[in-house]
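Note that the structure is predicted; figures quoted are calculated from it, not measured. These values consider heavy atoms only, across backbone and side chains, with no hydrogens, waters or symmetry-generated copies.
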Amino acid sequence: MQASQRTVTKKLIEFGWDEPDTAFMRRHAAQMEETPFDGCVFHLTHTTSEGKPANFAWECWGKRAFTEAELRPALEDLKAARFRRFKHNFLRFNTVPADIDWFDDFSAVLNNARLAARIAREGKCAGVLFDIEQYNEPLFNYQRQRDAGTKSWEEYSAQVRRRGREVMQAFQQGYPGLKVLLTFGYCLPWAQSQGGKRPLKECDYGLLAPFLDGMVDAVSGRARLIDGHELSYGFREPALFAKAYQTMKRELLPIVADPRKYARVFSFSFGIWMDLDWPNSGWHTDDPNKNPHPPAQFETLVREALRVADEYVWIYSETPRWWSEEGKPLRLPEEYIEALRRAKGG
């Protein structure tokens, strides 16, 4: 049965600049569960050799292989978090620092993927949030690869597909049956290719398509991939969600190597940026109706996204904080909290 045909309860996931680590989750589980969410994206903190805290998510895609011992304190905090309702948490895994080429030794990346997934499983999480954004290096841009001058697009895409297969296998070794929520799936290279009119080898994220082909190849059992469709951050018209869903489900199939398996193992989600474009538009806590997403519009968008999505909708924010060390939301008008409650309940 295809993911889109299953009867599921739709869920809201929080993912923003108030992203907690596991120590925060242990201390503030009750506060977090006062929100309308069903879970959140979180990260693992470890201690460097200099005794300073550092974020695993920003170091996992490189030459350094983490050990279980380094991340054990974070896992123990996660296990100690007394969640009753937050059953859909996702451990963040970035493609950073990306200081290796696709043809280099990938053993550290695979070790870290396996370890992250195992921690997510032992912490009773839904799975991994796989953030594929090129924060440090143009990982998925063929023309900017180290050996693009001597290796063809075909050679690189074959190698990248192999790496996608290996990464997904590593995730499943650590957590059989996990969900991998991608910030972008095939929707991003499809959009950059202008609906297939532009060659993937010329697109900034062109190599993401063969990487996802490899992930699809490797999916087994109950494991699932989820296109988070970050492209919907700026949607202001509810009808755009249904259109985007059809794009993910059908229109982008020309860049998918195995459309039949894709239909079986992929489901479709949406991200909504609550404080949309705040650096330019501001974030108005005194008069929320001045924001690009006023509360009433925000509610309408979230309700429609939940209706259309297969299972998940995630809410992104930068300025407001849904939870804090102070035990309460910060810079978050009550109107937005109530908007989410109504959208989810209605």
Side-chain angles (χ1 to χ4, degrees), residues 1-16 33-41 85-90 126-127 129 179-188 190-191 222 224-253 256 262-277 288-289 291-317 320 322 332-346:
M1 182 176 291
Q2 293 183 12
S4 59
Q5 296 175 327
R6 298 197 306 270
T7 300
V8 295
T9 301
K10 305 300 178 69
K11 303 163 188 81
L12 281 174
I13 306 300
E14 198 275 349
F15 178 22
E33 290 194 324
E34 292 175 356
T35 67
F37 296 104
D38 300 284
C40 71
V41 174
R85 194 171 57 77
F86 262 44
K87 302 298 183 183
H88 295 268
N89 296 313
F90 289 85
L129 182 284
K179 296 175 180 177
V180 179
L181 174 55
L182 297 136
T183 48
F184 293 99
Y186 289 95
C187 65
L188 180 55
W190 178 251
R222 297 179 62 187
R224 290 294 179 268
L225 300 170
I226 305 166
D227 190 330
H229 199 269
E230 190 176 310
L231 293 171
S232 55
Y233 266 9
F235 282 6
R236 299 196 191 197
E237 298 296 330
L240 293 175
F241 292 105
K243 187 175 185 296
Y245 187 95
Q246 291 306 315
T247 296
M248 290 186 283
K249 188 175 179 65
R250 295 188 178 89
E251 293 176 12
L252 56 67
L253 293 181
V256 177
Y262 170 77
R264 191 170 75 250
V265 304
F266 248 97
S267 68
F268 309 124
S269 171
F270 300 104
I272 300 175
W273 185 1
M274 186 173 67
D275 54 331
L276 177 68
D277 195 35
N289 288 319
N291 292 324
H293 284 324
Q297 175 184 290
F298 181 65
E299 177 184 340
T300 300
L301 292 173
V302 174
R303 180 182 289 110
E304 181 64 6
L306 285 167
R307 187 190 71 80
V308 175
D310 285 323
E311 185 173 11
Y312 294 105
V313 170
W314 49 289
I315 306 300
Y316 178 74
S317 61
W322 287 91
L332 178 60
E334 182 68 25
E335 292 93 327
Y336 285 97
I337 300 174
E338 293 306 313
L340 269 195
R341 293 192 195 283
R342 288 192 298 267
K344 190 179 177 186

*Asks:* Search all heavy atoms of Leu231 against all heavy atoms of Ala191 and return the closest pair with its distance.
*Replies:* CD1-CB, 4.1 Å

*Asks:* Sequence neighbours left out, what passes side-chain contact (heavy atoms from CB on, under 4.5 Å) with Glu237? Give chain and number order.
*Replies:* Leu240

*Asks:* Just to verify, what does Pro333 make a side-chain contact (heavy atoms from CB on, under 4.5 Å) with, not counting sequence neighbours?
*Replies:* Trp283, Thr285, Pro288, Glu335, Tyr336

*Asks:* A side-chain contact here means heavy atoms from C-beta on lying under 4.5 Å apart; do Leu182 and Asp227 qualify?
*Replies:* no

*Asks:* Between Asp310 and Phe266, is there a side-chain heavy-atom distance shorter than 4.5 Å?
*Replies:* no

*Asks:* Search all heavy atoms of Asn89 against all heavy atoms of Gly39 and return the closest pair with its distance.
*Replies:* OD1-CA, 3.3 Å

*Asks:* So which heavy atom on Met274 is nearest to which on Pro320, and how close?
*Replies:* CE-CG, 3.4 Å

*Asks:* Do Lys179 and Ser267 have side-chain heavy atoms sitting under 4.5 Å apart?
*Replies:* no

*Asks:* For residues Asn289 and Pro295, determine if any side-chain heavy atom of one lies less than 4.5 Å from a side-chain heavy atom of the other.
*Replies:* yes

*Asks:* Should the pair His293 and Phe298 be assigned to parallel (<30°), tilted (30 to 60°) or perpendicular (>60°) ring geometry?
*Replies:* tilted

*Asks:* Apply side-chain contact (heavy atoms from CB on, under 4.5 Å) to residues Cys187 and Glu230 and explain how you reach the verdict.
*Replies:* CA-CA 9 Å; Cys187 65; Glu230 190 176 310; over 6 Å; no

*Asks:* Determine whether the aromatic ring centres of residues Tyr186 and Tyr262 are separated by less than 6.0 angstrom.
*Replies:* yes

*Asks:* Which residue in the set Lys87, Lys344, Lys11 passes side chain to side chain donor-acceptor pair (under 3.5 Å) when paired with Asp38?
*Replies:* Lys344

*Asks:* Does any part of the side chain of Phe270, heavy atoms only, come nearer than 4.5 Å to the side chain of Leu301, both counted from C-beta?
*Replies:* no

*Asks:* Is the Tyr312-Phe90 ring centre distance short of 6.0 angstrom?
*Replies:* yes

*Asks:* Output yes when a side-chain donor or acceptor of Arg250 lies under 3.5 Å from a complementary backbone atom of Tyr245, and no otherwise.
*Replies:* no

*Asks:* Check the pair Trp322 / Leu340 against side-chain contact (heavy atoms from CB on, under 4.5 Å), numbers first and verdict last.
*Replies:* CA-CA 12 Å; Trp322 287 91; Leu340 269 195; 3.5 Å; yes

*Asks:* Strictly distance-based, threshold 3.5 Å: is any side-chain N or O of Trp314 a donor or acceptor partner for the main-chain N or O of Gly228?
*Replies:* yes

*Asks:* Is there a donor-acceptor contact under 3.5 Å from the side chain of Glu33 to the main chain of Phe86?
*Replies:* yes

*Asks:* Got a sec, which residues hit salt bridge (charged side-chain N to carboxylate O under 4.0 Å, His left out) with Glu304, two or more places apart in sequence or on another chain?
*Replies:* Arg307

*Asks:* Checking side chain to side chain contact (heavy atoms under 4.5 Å, CB included) against His229, which of Phe241, Phe268, Phe235, Phe184 comes through?
*Replies:* Phe235

*Asks:* Considering only heavy atoms from C-beta outward, does the side chain of Ile13 approach that of Leu129 to under 4.5 Å?
*Replies:* no

*Asks:* Relative to each other, are the rings of Tyr316 and Tyr233 parallel, tilted or perpendicular (30° and 60° limits)?
*Replies:* parallel

